[in-house]
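A, B, ... follow the sequence lines: proteins, then strands. Residue 1 opens every chain. As the structure is a computational prediction, the values presented were derived from the model and not from experiment. What you see below is based on every heavy atom in this structure, not just the backbone, and it leaves out hydrogens, waters and symmetry mates.
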Amino acid sequence: MSFSVSEKDYLYQSLSSKTPIRPDGRKSHQLRGIEASINFLPNSNGSSRIRLSDGSEVIISIKSKVVKMSTLADLIELDLTIDNLRDDLTFISDWTNILRNSLLRNFADKFECLKLTTRYYFKLYVDVLFLSSSSNARTTKTDTSFLQNPLSMISFGIYLALKSTRLPLLISNSNDKDIEELPTFNDDWSSTVLLYPQDEDEEIKENNTTSQNSSSPPLLFVLSVVKNNLFIDPSIEEQEISDCGLVIGWCSGKVVSPIESLNLNQSGSSEYIKGMHGQNIIEGIKMIENVAATVSKGLDEIVKDGNNSVFMDSIF
Amino acid sequence: MSNKELYSPEGLRLDGRRWNELKSFTCKVNTHQTSSDGSSYVQQGNTKVMCKVNGPLEPKSKANSNNNNASITVNLNIASFSPVERRKRPKSDRRIKEMMTILEKTFSETVITKLYPRTQIIVDCYVLSQDGGILSAVANSVTLALIDAGIAMYDFVSSINVGLYNNSIPILDLNHLEEGDMSFLTLGIVGKSEKLAMMLLEEKIPFDKLETLLGIGISGAQRIKDLMDEELRKHGKLLISTAAS
Amino acid sequence: MSDRRRITGPESALPLVFAPTPNNQSTTKSPQEKTNSGIRNFFIKTGIVSNCNGSCFLEVDNTTIIVSVYGAKPIRGSSVTSASFSVMTKVSNNLEELSNFTSSDLSHSKEEKEEQKLAKEDEYVTTNQIGKTQLSLVEQKLSTYIQTAFLPSILLEKYPKSSIEVFINILTNDSHTNSSLLSLITWCANCTSLALVDSGIELKDMVSTGIAKLTDDQTVVIDPSYSNEGRKTVGGQEVRAVASYMSVTDTVVGLMIESEEGVNGEMIEKVIDGCNTMAREIRSNMNGFLVSTM
């Protein structure tokens, strides 16, 4: 995977030219194809798996637990495991923070859905297992130079998993202000409710323009900047030579925070890191505005297929 | 289910199986073509395990280099979301470590390691969902992945667990409820033989019952071997037919 | 991060804290006042820690920061072709309210007041405990930002087989107001920039950082100080941004934009322009300071 200096130079030249050519022939606003499936973990409320053609894979599980109300920020816990890497590495907690914050920020309406009674809430555990494509190229257990930035892929996975998440139906009284009682649930899986209700009909959606219906989990897009060119969803080779990285969030038809610069080069060498121009950021946001809706539509299509079919027994 | 009846007088278990019936067993090989040399996916009931094998390759460190044999490293990753109740295990969990050692030892014996001197074979296992019998499911998936990787082995290792209910009734292929309530042993056999390649017993079992348990376990494991063999042959035929066309 | 080869002091050891000495170089206006450009006055002094290669002290309003730079020093047994660069941030233990940066952003949701109160009480859960080893959320965010922003500016390939370590110490922070993480990042970054210059490590350019906010009525406020407005008004269409610049090539090396609502290119452009203006102003200030101390 590691390129020689001349190979990297060639790649840089071809990406920075006026009509850039990406190594895999993609257009600059074109994402890599994904293979996705949902609802395959029997012990989770929602689950998804996304694979890229380079072999990297992300498996996401959403589990819920009934908790007594503490703080809203405590209602979502996100845990990221990468290969067999130690989980106290700084970049892992960085990525966890970015993902978790983007979820918390764009979950505002959804905290209502997690509310069970005046005292009890559902707490969501989002567990992410990321298997990189190149775990065998690694020289030591702490060597991270072969790791690509997985933020975008993971956020797609979380999107799918959350949209396929079903929570049990509350059958006890939702108002327990006066009489304290433990919430009880209908234990039939077929009567569970989707965390993100699915629009059965496009027409209904048009008539019923409540925010509830149109809200979606956030998506994150990673952009790589090479001179004046921007590339969405960069491959690991492109990440390694990019001037600068950018992560842009998108939720329910709008660009949202985080909008942050990223260090895409995990190997720690800085020879290619140069920074970007202010104009790049604006262009990046425009690119996301153009692309994101299509992406979320595509993901919704997967969710629709998956949620309508019976429980998936196997992912293979 | 306060007074759970693991084995009804009619001879049925909680999930409707009889004492000697296996959980539904499905497996797939070559599931991760791009990211590994050999890979497999095994599903025994609700236990789902993924395995990737890389190697034989140059050892990452001198410590793993053996002049006469290949060294086999097994990494076991039990996902925190895999049990019914979410539980995050530390990397240094003793039970995981023990399982890793058992697997390493078993497969160092079964793989013809002398054919690959000074190399390392890395096996990564991921438990995605568990409903009893993790170790046996993992062992089965490792066998399949090693075969898929084309690594020379003496024979299959097929594995299953057997428990003893009420100190009298042997029960095959336990689920997680049964595992929690009775003592059981996990065994692995070589090929279609009755030779044991692997055995783990964490609790007590009366000595005079051991032989019956082993007998039942061995026949269960032989059945698993047949099922794996079937899948591999199917996969092989597919490969040949695609290569021919 | 921890260097096992180094002999660490006793556990009870405290970092040396220097009292901010009143200095003639300090501007004459009162610290609360803003300059014409809209930036709060700030006080800087370099070379304040003697046992490191470079250091800088910065004071703005009630926030005081010390940055010390160690390196480039050799790493034994390493054969990398360029230096490794790491940033470590430490927020003093008494600054507990810093921890609510992330959770306070949520309180705008339509929850009952009662719950908000509950939430407030629990905001301190993630605060630093004495003796903890892992960085808190705030410390980590700060470290990562500074590291990302300064990587392009340092000529790391000039220092093979060595490491450059930056330690940021936030001594005090505006404890009366809900000062934002972004503002803290801004000043830490500016302070780091001067500390790096002081250390004599070869740089491509100095990095200067600006902060701006776009308010409801689409006006840009540079260096928004919450002390003037009292408590931060949450909610509304507020976009806050921090951007770090290398002025010579006019490139953005670090960027962080926060907003509760959706944003568009126009808004971002405005707010980034605001950051740029401030960064330039800061840069000329720093240049002036460096020339005067030469």
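- For A:Ile285, the part sitting under 4.5 Å from any heavy atom of chain C is the side chain, from C-beta outward, and nothing else.
- For A:Asp9, there are no salt bridge (charged side-chain N to carboxylate O under 4.0 Å, His left out) partners two or more places apart in sequence or in a different chain.
- Within a 6.0 Å radius of NZ in A:Lys227, no more than 12 heavy atoms belonging to other residues, nucleotides or ligands are found.
- Contacts between A:Glu283 and chain C at a heavy-atom distance below 4.5 Å are absent for every atom of the residue.
- Here C:Thr251 is the residue among C:Asn264, C:Thr251, C:Ile268, C:Asn276 with the most heavy-atom pairs under 4.5 Å with chain A.
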Going through the distances and angles, do C:Phe167 and C:Tyr70 end up as a ring-ring contact (aromatic ring centres under 6.0 Å, His included)? CA-CA 8 Å; C:Phe167 291 89; C:Tyr70 292 84; 5.6 Å; yes
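- Among the candidates C:Thr144, C:Val252, C:Val253, C:Thr148, the residue making the largest number of heavy-atom pairs closer than 4.5 Å to chain A is C:Val252.
- Salt bridge annotation for C:Arg240-C:Glu238: present, with a cationic side-chain nitrogen under 4.0 angstrom from a carboxylate oxygen.
- In this structure, A:Glu77 does not pair ionically with A:Arg100, as no charged nitrogen and carboxylate oxygen lie closer than 4.0 Å.
- Of the two parts of C:Thr249, only the backbone, made up of N, CA, C and O, holds a non-hydrogen atom closer than 4.5 Å to a non-hydrogen atom of chain A.
- Of the charged side-chain nitrogens involved, none lies within less than 4.0 Å of a carboxylate oxygen, so that A:Lys68 and A:Asp74 do not count as a salt-bridged pair.
- Proximity to chain C (any heavy atom under 4.5 Å) is restricted, for A:Leu262, to the backbone atoms N, CA, C and O.
- Counting heavy-atom pairs under 4.5 Å between each of A:Gly249, A:Gly275, A:Ser261 and chain C puts A:Ser261 at the top.
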